[in-house]
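Take a look at the structure set out below.
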There are 2 protein chains.
Amino acid sequence: MGATKTDQFTPRQNRIAKLAKAVGHPARVAIIEHLLKVDQCICGDIVSELPLAQPTVSQHLKELKNAGLIKGEVEGNSICYCLDHEAFKALDEYFSEVVSAKTSAECC
Amino acid sequence: MGATKTDQFTPRQNRIAKLAKAVGHPARVAIIEHLLKVDQCICGDIVSELPLAQPTVSQHLKELKNAGLIKGEVEGNSICYCLDHEAFKALDEYFSEVVSAKTSAECC
DNA sequence: TTGGTATATCGTAATATTACGATATACGGT
DNA sequence: ACCGTATATCGTAATATTACGATATACCAA
């Protein structure tokens, strides 16, 4: 026990969960924020922006990439990562749906 | 080591991460979906909708509540939980911002 | 008050995540 | 070829999450 029963849920549920999970760490939120701020692909400098050691940052980047939130490759002596717009759009659409489906029932 | 360094990040980063993390499990996405579908507070029946045992579902509900995504209380022999609209709005706004901040730089 | 039903909590095993030192890899400059 | 810089991977310790059986709690109905 302990492992998530991925196969028991729908592909959509798993996809949203995977994307949201990747956003579910402040370091990764900070990385996303930084990618937005520099308004272009990261070419170095991520580590110095975060209060974490270099291997830890690398690991977070790997998870963001694995979840499909960022894309890019290492280019020579620096990395070139940027946000994957499609993934964020999927999240945006999901939460828009939830918000707009607001029910009239407010018993709590 | 191993614990998230929460105090090293901004409150906003931590808040978004906390909310997103709570969505980051397919069982919890399924619970949210169910809450939307029944279009009202849950009055029983969550366990039978999910492929998980009752204590596990209860634990997931606790986490959703702890993160602020749902609110409600136990009422007699059934629970009365519903989505906390504000929390989802916060997520919606966050991802809208990210999506709309799409940069022209697309080097990857 | 006893029994049935519904949810929560406890305890705990299996697994996953987080963090980082040490080390590997890869490129650019000299 | 060698060095400095930048990123990735390995190994591993600390912690968190996930899942569920057993049990507790709370309510309603008869």
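Numbered from 1 within each chain, the chains take letters A, B, ... in sequence-line order.
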- Return yes if some donor-acceptor pair links the side-chain N/O of B:His25 with the main-chain N/O of A:Ala17 below 3.5 Å, else return no. no
- Message: Taking 4.0 Å as the cut-off, does a side-chain nitrogen or oxygen of A:Tyr81 come that near to OP1 or OP2 on D:dA8?
- Response: yes
- Message: Expressed as a whole number of angstroms, how long is the span from B:Glu63:CD to C:dT9:C1'?
- Response: 14 Å
- Message: Classify A:Gln54 by what it touches in the nucleic acid, base, sugar-phosphate, or nothing, heavy-atom distance under 4.0 Å.
- Response: base
- Whole-Å distance between D:dT9 C1' and A:His60 NE2? 16 Å
- Message: With a 3.5 Å distance limit and no angle check, can you tell me whether B:Ser58 reaches the backbone of B:Gln54 through a side-chain donor-acceptor pair?
- Response: no
- Note on the structure: So salt bridge (Lys or Arg N to Asp or Glu O under 4.0 Å) across residues 79-90 of chain A, not counting sequence neighbours, yields none
- Query: With sugar-phosphate meaning primed atoms plus P, OP1 and OP2, does B:Gln59 contact a base, only sugar-phosphate, or nothing at under 4.0 Å between heavy atoms?
  - Reply: base
- Between A:Pro51 and A:Thr4, name the one whose nearest nucleotide on DNA chain C is closer to the 5' end. A:Thr4
- Could I get the full list of side-chain hydrogen bond (donor to acceptor under 3.5 Å, both in side chains) partners for B:Thr56, not counting sequence neighbours? none
- Item | Per A:Ala3 side chain, nearest of listed nucleotides C:dA8, C:dT15, C:dT9 | C:dT15
- Query: Starting at the 5' end of DNA chain C and moving along, which residue's nearest nucleotide shows up first, A:Pro55 or A:Gly24?
  - Reply: A:Gly24
- Task: Report yes if at least one side-chain N or O of A:Lys21 is closer than 4.0 Å to OP1 or OP2 of C:dA16; otherwise report no.
- Result: no
- Between C:dA8 (C1') and B:Ile70 (CD1): distance, integer Å: 13 Å
- Query: Rounded to the Å, how far apart are A:Leu50 CG and D:dA6 P?
  - Reply: 15 Å
- Task: Can you tell me the distance, in whole Å, between the CD1 atom of A:Ile46 and the C1' atom of D:dA8?
- Result: 13 Å
- B:Lys5 side chain, from C-beta outward: closest of D:dC20, D:dT9, C:dA19: C:dA19
- Kindly determine whether A:Ile32 and B:Tyr94 satisfy side-chain contact (heavy atoms from CB on, under 4.5 Å), including the steps that lead there. CA-CA 11 Å; A:Ile32 293 166; B:Tyr94 173 72; 3.7 Å; yes
- Item | Nearest-Å distance for atom pair CD1/C1', residues A:Ile31 and D:dT7 | 13 Å
- Note on the structure: Taking D:dT9, D:dC20, C:dG21 as options, the one with an atom nearest any side-chain atom of A:Lys62 is D:dT9
- Note on the structure: From the candidates C:dA8, C:dA16, D:dC20, the one with an atom nearest any side-chain atom of B:Ile79 is C:dA8
- Using a cut-off of 4.0 Å on non-hydrogen atoms, how would the nucleic acid contact of B:Ser58 be classed: base, sugar-phosphate, or nothing? base
- Hey, which of these two, B:His25 or A:Val57, hits DNA chain D nearer its 5' end, going by closest nucleotide? A:Val57
